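Everything on this sheet refers to the single structure shown next.
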Amino acid sequence: MHAHYRPEIIEPEAQRHWEEKQAFRATEDAASPKYYCLSMFPYPSGKLHMGHVRNYTIGDVLARYHRMKGYNVLQPMGWDAFGLPAENAALANNVAPAGWTYANIDYMRGQLKRLGLAVDWSRELATCKPDYYRWEQWLFTRLFEKGLIYKKMATVNWDPVDLTVLANEQVIEGRGWRSGALVEKREIPMYFMRITAYADELLNELDNLPGWPERVKTMQRNWIGKSFGVEIHFPLNQRHQEGGEVLKVFTTRADTLFGVTYVAVAAEHALAQQAAAGNPELAAFIAECRQGSIAEADMAIMEKKGMDTGLVVYHPFTNEPVPVFVANYVLMGYGEGAVMAVPAHDERDFAFAQKYDLPIKPVIRPADGELPRPLGEAFVEHGMLFDSGDFSGRASQDAIEKIALVLKNLKLGEKRTTYRLRDWGISRQRYWGCPIPIIHCPTCGDVPVPDEQLPVVLPEDVKIDIGSPIKKMPAFYETPCPKCGGQAKRETDTMDTFVESSWYYARYACPDSDQAMLDERANYWLPVDQYIGGIEHAILHLLYARFFHKLMRDVGLVTSDEPFTNLLTQGMVIADTYYRDLGEGKKQWINPADVEEREGVAVLKSDGQPVMVGGTEKMSKSKNNGVDPQSLIDQYGADTARLFMMFAAPPEQSLEWSDAGVEGANRFLRRLWKTVYEHVEAGVLDAREGGELNTAALDFRRLLHTVIAKVSDDIERRKQFNTAIAANMELMNALVKLDGDDTQTRALKQEALEAIVLMLAPIVPHICRDLLMALKPGACLMGAAWPEVDESALVRDEIELMLQVNGKLRGKIQVAADAAKEAIEQAALASPEIRKFMDGKPAKKVVVVPGRLVNVVV
RNA sequence: GCCGGGAUGGCGGAAUCGGUAGACGCAGCGGAUUCAAAAUCCGCCGUUGGAAACAACGUGGGGGUUCGAGUCCCCCUCCCGGCACCA
């Protein structure tokens with residue numbers, strides 16, 4: 001054993017050893033319990049960032065811990081390889097997206113291996129490879145035939161200068177990021193997956209996921225947004241007859257129907273279009289509504305604007321005319337593209353009515369009071385109806401039922417359940433994605449590509465400029481119709497990259513299966529026992545993956561209902577952002593590593609000129625605020641990087657990056673090495689297994705086994721590694737202070753050092769591999785078991801109790817561990833500290849909390 | 001704007017079921033070692049008052065429940081994530 005800790009030597013050696021022995025190769029084995037540990041796969045953006053290091057270290061700790069506990073562990077790794085950044089990089093650097101992606105994968109694979117992850121690399125996959133996406137195309141054709149994929153018009157961001165569709169993140173303050181042109185909304189045909197058909201199951205099954213964080217389940221429930229309401233028809237003609245034209249709206253507050261003072265429709269709504277025909281001002285307003293991005297966040301914060309169409313519809317009960325407004329906040333894609341507005345009982349309608357001087361008619365009052373007059377703000381709670389015809393005097397909930405019933409009899413509406421969840425538009429007009437396997441035939445319509453013609457391979461050797469190259473490539477899109485053989489055109493849109501990431505976890509079980517999307521190995525490994533990934537995926541990715549699991553179940557590929565039994569949502573690694581304004585809303589984001597502080601001002605290192613300070617945000621490609629972990633690994637080694645990441649914050653919390661603290665992690669490892677070295681130099685011996693010890697040694701041994709129990713619980717149940725590490729540091733501090741060179745004490749130290757090395761092995765595996773070999777010649781970390789708690793070491797004779805007077809800490813006493821409540825109470829009341837603060841007054845009450853404290857109330 | 005989460009010393013964080021607030025580490029300060037420095041080792045380290053013993057105050061702000069609140073409830077502020085074409 002070398003006297004000094006030298007990670008640059010022991011880490012490559014350990015990694016070589018594991019690779020040679022194929023130590024992490026997973027095979028299906030019915031004899032031992034399986035543990036499928038999965039971290040979200042990375043997008044190959046170029047180099048690893050801190051979020052990756054955090055994510056994969058958490059996964060690795062859990063994988064290695066379960067290996068030591070005797071599980072048959074699978075921990076795979078792969079690449080979420082399709083996506084927008086490859087096209088951007090291709091444009092910027094004049095390279096093909098494929099080449100850029102593969103180069104990034106090669107580099108990042110090297111970085112991941114340098115972290116020493118216990119990954120089965122034989123299962124590596126990349127979603128941009130035809131042997132992966134061919135099965136996605138295969139499933140697409142099945143779903144298409146089942147009617148779970150359909151085509152409809154959808155709104156996109158259109159850049160009128162670059163003549164291209166923009167992603168939401170490419171729209172900056174309403175303008176295209178490259179052209180600077182005002183972005184327009186445009187309707188184009190797209191394929192949709194019918195996720196709403198599974199809305200109820202996706203909602204209900206959340207109750208069967210006790211291993212998921214409550215906050216994620218809450219977010220998904222709210223996202224699905226099941227609500228019970230009433231569809232209400234407003235006739236277009238005052239003398240409405242059954243079957244006549246109506247304007248349909250959906251509301252959860254049918255009880256406020258008598259408070260409707262206008263209705264609002266989307267700019268794209270037929271009524272708006274009709275009214276605009278003879279009204280240039282309205283036409284101009286509708287054109288204005290078409291500007292701006294389609295992102296919901298933008299829509300929600302923009303100024304609410306509207307204009308009277310001059311048209312009216314008629315109230316289904318009173319038959320009174322109700323004006324029709326066009327409003328920029330009503331979206332065509334949601335519900336019927338029209339809403340009934342009740343200013344008195346809806347905040348948004350209230351603001352709108354005030355702005356346009358529309359009547360505000362209250363019809364609900366609090367159950368036990370009156371509404372203030374005039375109304376200063378909308379009263380949005382349920383209450384009692386008034387001024388509502390026959391329904392006056394009813395409570396809101398009751399009124400909703402009755403109103404729905406009466407509307408149904410009038411054939412002017414009915415109760416309906418709706419979801420906020422919308423079907424999933426999967427078409428993208430981009431190049432670097434999985435081709436949609438559809439052939440458009442003038443005679444046969446949309447024809448799915450037959451199995452034997454799959455995969456539809458995406459050409460990789462292309463030149464990138466504005467727009468997708470395959471849309472200009474006849475060799476790609478010209479094809480005969482599989483049905484009639486006539487000339488047809490292949491679909492040139494590709495799929496949303498969320499599709500690839502919705503099923504990769506299953507493909508890891510059988511990545512080489514070339515006869516089917518999944519084979520029987522999938523049912524051995526699935527569901528994933530532990531899934532680990534960023535909280536930013538709480539809704540979209542996790543909901544889509546759950547949806548896909550059910551789709552795969554329903555085509556007979558898997559037997560389970562849910563993909564991920566336990567979910568750990570790691571907090572973000574966040575860092576400061578810096579930028580320079582380039583004008584026209586464009587910003588150049590500058591990496592924190594290139595910025596330093598001079599005289600309190602942030603400046604770019606290369607030119608010394610100031611940069612703007614942005615917020616502290618998630619490390620991301622778009623904000624260029626990722627900190628490269630490579631220098632950390634180069635300087636201190638993977639174990640220090642891993643230890644620091646696990647020690648800096650608990651996994652679920654966000655972690656603000658700072659360079660400080662790494663040194664401390666490294667110092668601890670050097671200290672651990674030195675302590676083991678000195679112990680080993682004096683001769684190794686058998687670890688002690690209990691027996692007679694002096695008080696100090698007994699106390700130490702109790703601490704040792706308390707720590708083993710705590711660390712096991714921290715890793716397995718709490719998944720909180722910072723406290724597991726802290727407990728080991730505390731134990732090390734105590735060990736160094738434990739005096740004695742006698743065999744008794746040295747055997748105890750041997751026991752403790754072996755335990756510490758094993759407990760830290762999941763977190764810092766390289767150093768622990770060497771230390772274990774030194775402590776127990778011939779021992780191998782790969783076969784080592786997790787240390788066991790010796791319950792007999794935990795027994796105490798005396799315990800310390802806190803003494804409080806009126807809830808304030810005033811002292812402490814020692815009592816026998818098995819002392820009776822009465823005895824404790826007497827001892828407490830007799831203690832000088834208590835007597836002093838009781839001030840001669842009698843005790844009103846004495847609270848004894850066993851094992852904790854005594855509180856005397858005077 | 002809507003949904004979800006967070007705020008504890010100079011800093012990262014601990015306190016697991018309502019029961020010792022500040023474990024562990026970083027930074028800082030003092031000392032040992034050294035020709036000197038790095039490294040290492042020992043000690044101190046919430047704020048205020050006090051020589052000390054000790055006392056008062058203290059978990060973003062305001063209110064409440066409780067013998068007892070960082071933890072539970074109500075209101076507010078700020079920060080972070082998501083909002084369906086970033087992944």
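Per chain, numbering begins at 1; letters A, B, ... match sequence-line order. All figures in this text were calculated on a predicted structure; none of them were measured in a lab.
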How is [X] classified with respect to the nucleic acid when contacts are heavy atoms under 4.0 Å: base, sugar-phosphate, or nothing?
X         : answer
Met729(A) : sugar-phosphate
Arg852(A) : sugar-phosphate
Val165(A) : base
Ala295(A) : sugar-phosphate
Arg810(A) : sugar-phosphate
Pro42(A)  : nothing
Val856(A) : nothing
Tyr329(A) : nothing
Phe668(A) : nothing
Ile725(A) : nothing
Met495(A) : nothing
Gln429(A) : base
His537(A) : base

Expressed as a whole number of Å, how far does the [atom1] atom of [N] sit from that of [M]?
N      : M      : atom1 : answer
U8(B)  : C80(B) : P     : 15 Å
C54(B) : C42(B) : P     : 26 Å
G58(B) : A21(B) : P     : 13 Å
G82(B) : C74(B) : P     : 27 Å
U34(B) : A23(B) : P     : 33 Å
A87(B) : C17(B) : C1'   : 39 Å
G5(B)  : G9(B)  : P     : 23 Å
G64(B) : A56(B) : C1'   : 24 Å

Between atom [atom1] in [X] and atom [atom2] in [N], what is the gap in whole Å?
X         : N      : atom1 : atom2 : answer
Leu543(A) : A87(B) : CG    : P     : 17 Å
Gln804(A) : G68(B) : CD    : P     : 10 Å
Leu672(A) : U40(B) : CG    : C1'   : 16 Å
Asn806(A) : A55(B) : CG    : P     : 15 Å
Met299(A) : A84(B) : CE    : C1'   : 13 Å
Asn666(A) : A27(B) : CG    : C1'   : 17 Å
Tyr419(A) : C83(B) : OH    : P     : 23 Å

Find out whether the Lys NZ or Arg CZ of Lys151(A) is both under 6.0 angstrom from the six-membered ring centre of Phe192(A) and within 45° of the ring's axis.
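That pair does not qualify as a cation-pi contact.
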
Less than 6.0 angstrom from the centroid, inside 45 degrees of the normal: does Arg670(A) satisfy that with respect to the ring of Tyr5(A)?
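Judged by the rule (NZ or CZ under 6.0 Å from the ring centre, within 45° of its axis), Arg670(A) is not positioned above Tyr5(A).
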
Are [Y] and [X] an aromatic pair, judged by ring center distance below 6.0 Å?
X         : Y         : answer
Tyr133(A) : Phe82(A)  : yes
Trp424(A) : Tyr544(A) : yes
Tyr329(A) : Phe352(A) : yes

For the side chain of [X], counting heavy atoms from C-beta on, which of [options] is nearest?
X         : options                : value
Thr497(A) : A84(B), A39(B), A87(B) : A87(B)
Asn733(A) : G25(B), C67(B), U20(B) : G25(B)
Asn168(A) : U16(B), A14(B), C86(B) : C86(B)
Arg670(A) : A87(B), A39(B), A14(B) : A39(B)
Lys737(A) : U16(B), G43(B), U20(B) : G43(B)
Val847(A) : C86(B), C67(B), A84(B) : C67(B)
Leu540(A) : A14(B), C86(B), A84(B) : A84(B)
Glu169(A) : G12(B), U16(B), C86(B) : C86(B)
Glu730(A) : G12(B), A21(B), A23(B) : A23(B)
Ala167(A) : C86(B), G25(B), C67(B) : C86(B)

On a plain distance test, is the side chain of Arg717(A) in donor-acceptor contact with the base of U16(B) below 3.5 Å?
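Indeed, a donor on one side and an acceptor on the other fall under 3.5 Å apart.
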
Donor-acceptor pair under 3.5 Å: do we get one between Lys674(A)'s side chain and the base of U40(B)?
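Side chain to base: no pair present.
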
Treating Lys152(A) as the side-chain partner and Tyr191(A) as the backbone partner, does any N or O pair qualify as donor plus acceptor under 3.5 Å?
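A pair under 3.5 Å: no.
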
Would you find a donor on one side and an acceptor on the other, under 3.5 Å apart, between the side chain of Arg422(A) and the backbone of Ile195(A)?
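No, the answer is negative, given that no donor and acceptor are paired below the 3.5 Å cut-off.
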
If a pair means Watson-Crick or G-U wobble with both distances below 3.5 Å, what does RNA chain B look like in dot-bracket form, with | marking bases paired to a different strand?
(((((((..(((......[....))).(((((.......))))).((((....))))..(((((..]....))))))))))))....

I want to check one thing: is the phosphate of U40(B), taken as OP1 and OP2, less than 4.0 Å away from some side-chain N or O of Arg671(A)?
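It does not, given that no N or O in the side chain of Arg671(A) lies less than 4.0 Å from OP1 or OP2 of U40(B).
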
Looking at A84(B), I'd like to know if its phosphate oxygens (OP1 or OP2) sit under 4.0 Å from a side-chain N or O belonging to Gln220(A).
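For A84(B), neither OP1 nor OP2 has a side-chain N or O of Gln220(A) closer than 4.0 Å.
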
Considering only NZ, NE, NH1 and NH2 on the basic side and carboxylate oxygens on the acidic side, decide whether [X] and [Y] come within less than 4.0 Å.
X         : Y         : value
Lys355(A) : Glu303(A) : yes
Lys217(A) : Glu214(A) : yes
Lys471(A) : Asp493(A) : yes

Taking the nucleotide of RNA chain B with the nearest heavy atom to each, does Lys808(A) or Asn722(A) sit closer to the 5' end?
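It is Asn722(A), whose closest nucleotide lies nearer the 5' terminus.
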
His49(A) vs His52(A), side-chain contact (heavy atoms from CB on, under 4.5 Å): CA-CA, chis, key distance, verdict
CA-CA 5 Å; His49(A) 59 67; His52(A) 293 133; 3.2 Å; yes

Under 3.5 Å, which donor-acceptor pairs do the side chains of residues 841-854 of chain A form with other protein atoms, sequence neighbours left out?
none

Is it true that, when you exclude Glu798(A) itself, more than 12 heavy atoms of the residues, nucleotides or ligands shown sit nearer than 6.0 Å to its CD?
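Result for CD/Glu798(A): enclosed.
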
Under 4.0 Å protein heavy-atom contacts per nucleotide of nucleotides 1-6 of chain B, with B for base, S for backbone only and - for none
B-SSS-

Parallel, tilted or perpendicular: which fits the ring planes of Phe41(A) and Tyr504(A), with parallel below 30° and perpendicular above 60°?
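Geometry flag for Tyr504(A) against Phe41(A): parallel rings.
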
